[in-house]
K.L.:
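This is the structure I have questions about; it appears just below.
The figures that follow rest on heavy atoms only: side chains count, while hydrogens, waters and symmetry mates do not. By convention here, the first residue in the shown sequence is residue 1. No experiment lies behind these values; they were computed from the predicted model shown.
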Amino acid sequence: MEAIEEWQKWYRKNRVVAEMDEPLVTKDSREKLHDTSNTTTTLDGSNNLLTDYCKAMSFQKAKEYFADTIAEFANELSGKELYKAFYSAAMDNMDCVEKEYNKAKQLIDMLRYKEDA
């Protein structure tokens, strides 16, 4: 209990709070909060650290998945067969994406036609 009381005493003595009775403290705090003079644009994503980090994590995850797949089938398939399996999977993925695209395009075309009518 003493430790809590000591901490509370220290906190009351050392806290930094914008008090209403101190002139300009709260105004300065608000102005600094909304200061955008040092901001940078990240619309292209090239300077965005989060985007770079996500790309690096996605790359690492894909690399691990590929390594797991190779390790799982390395004793059962030759390199050429693994390549064919990867190529086949990529083609299947492309076909699926193409079908989704065609459905979306058909919907947009129908909506455009309805809009023009």
Side-chain angles (χ1 to χ4, degrees):
M1 200 63 163
E2 273 184 44
I4 294 172
E5 289 175 2
E6 289 296 318
W7 180 84
Q8 288 175 339
K9 286 179 187 175
W10 175 89
Y11 178 78
R12 286 185 192 115
K13 181 180 175 187
N14 296 303
R15 68 181 169 184
V16 178
V17 178
E19 300 287 344
M20 293 300 287
D21 57 322
E22 292 181 29
L24 302 176
V25 170
T26 54
K27 182 180 178 188
D28 287 345
S29 298
R30 283 194 309 272
E31 287 176 356
K32 288 178 185 173
L33 178 67
H34 299 290
D35 180 17
T36 58
S37 60
N38 295 321
T39 60
T40 59
T41 179
T42 57
L43 294 177
D44 63 352
S46 62
N47 294 327
N48 192 338
L49 292 176
L50 182 59
T51 301
D52 293 343
Y53 176 76
C54 290
K55 283 182 182 180
M57 292 302 295
S58 293
F59 178 84
Q60 184 63 31
K61 187 186 291 188
K63 181 179 160 185
E64 289 173 7
Y65 287 170
F66 289 140
D68 289 345
T69 301
I70 291 169
E72 185 174 349
F73 297 104
N75 294 328
E76 299 165 15
L77 299 174
S78 67
K80 189 173 186 177
E81 291 169 326
L82 277 171
Y83 171 81
K84 285 182 180 180
F86 178 75
Y87 182 81
S88 178
M91 291 298 291
D92 289 347
N93 186 54
M94 184 182 73
D95 291 343
C96 181
V97 169
E98 186 177 26
K99 287 177 186 174
E100 290 177 358
Y101 170 80
N102 288 336
K103 285 181 184 178
K105 185 176 181 332
Q106 182 182 21
L107 175 63
I108 293 297
D109 289 345
M110 287 174 26
L111 292 171
R112 284 184 183 151
Y113 172 75
K114 202 63 158 161
E115 191 177 86
D116 292 339

K.L.:
Quick check for you: to the nearest 0.5 Å, what is the distance between Thr69 atom OG1 and Glu64 atom CD?
P.N.:
11.5 Å
K.L.:
Which distance, rounded to the nearest 0.5 Å, do you find between the OH of Tyr101 and the CD1 of Ile108?
P.N.:
10.0 Å
K.L.:
Out of curiosity, Ile70 CD1 to Tyr65 OH, how far, rounded to the nearest 0.5 Å?
P.N.:
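Here the interatomic distance stands at 15.0 Å.
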K.L.:
Hey, what do you get for OG (Ser58) to OH (Tyr53), rounding to the nearest 0.5 Å?
P.N.:
10.0 Å
K.L.:
Is it true that Asp95 and Lys99 make a salt bridge, defined as a side-chain N closer than 4.0 Å to a carboxylate O?
P.N.:
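Not counted as a salt bridge, because no side-chain N and carboxylate O are separated by less than 4.0 Å.
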K.L.:
Side chains of Glu98 and Asn102: does their closest heavy-atom pair fall under 4.5 Å?
P.N.:
yes
K.L.:
Treating Ser88 as the side-chain partner and Lys84 as the backbone partner, does any N or O pair qualify as donor plus acceptor under 3.5 Å?
P.N.:
no
K.L.:
List the atom of Glu81, the atom of Glu76, and the distance in Å for their closest heavy-atom pair.
P.N.:
OE1-O, 4.3 Å
K.L.:
With hydrophobic residues grouped by side-chain heavy-atom distances under 4.5 Å, do Tyr83 and Met94 end up in a single group?
P.N.:
yes
K.L.:
Check the pair Lys63 / Phe59 against side-chain contact (heavy atoms from CB on, under 4.5 Å), numbers first and verdict last.
P.N.:
CA-CA 6 Å; Lys63 181 179 160 185; Phe59 178 84; 4.3 Å; yes
K.L.:
From Gln8 CD over to Glu6 CD, what is the distance, rounded to the nearest 0.5 angstrom?
P.N.:
10.0 Å
K.L.:
Measure the CG-CE distance between Asp52 and Met57 for me, rounded to the nearest 0.5 Å.
P.N.:
13.5 Å
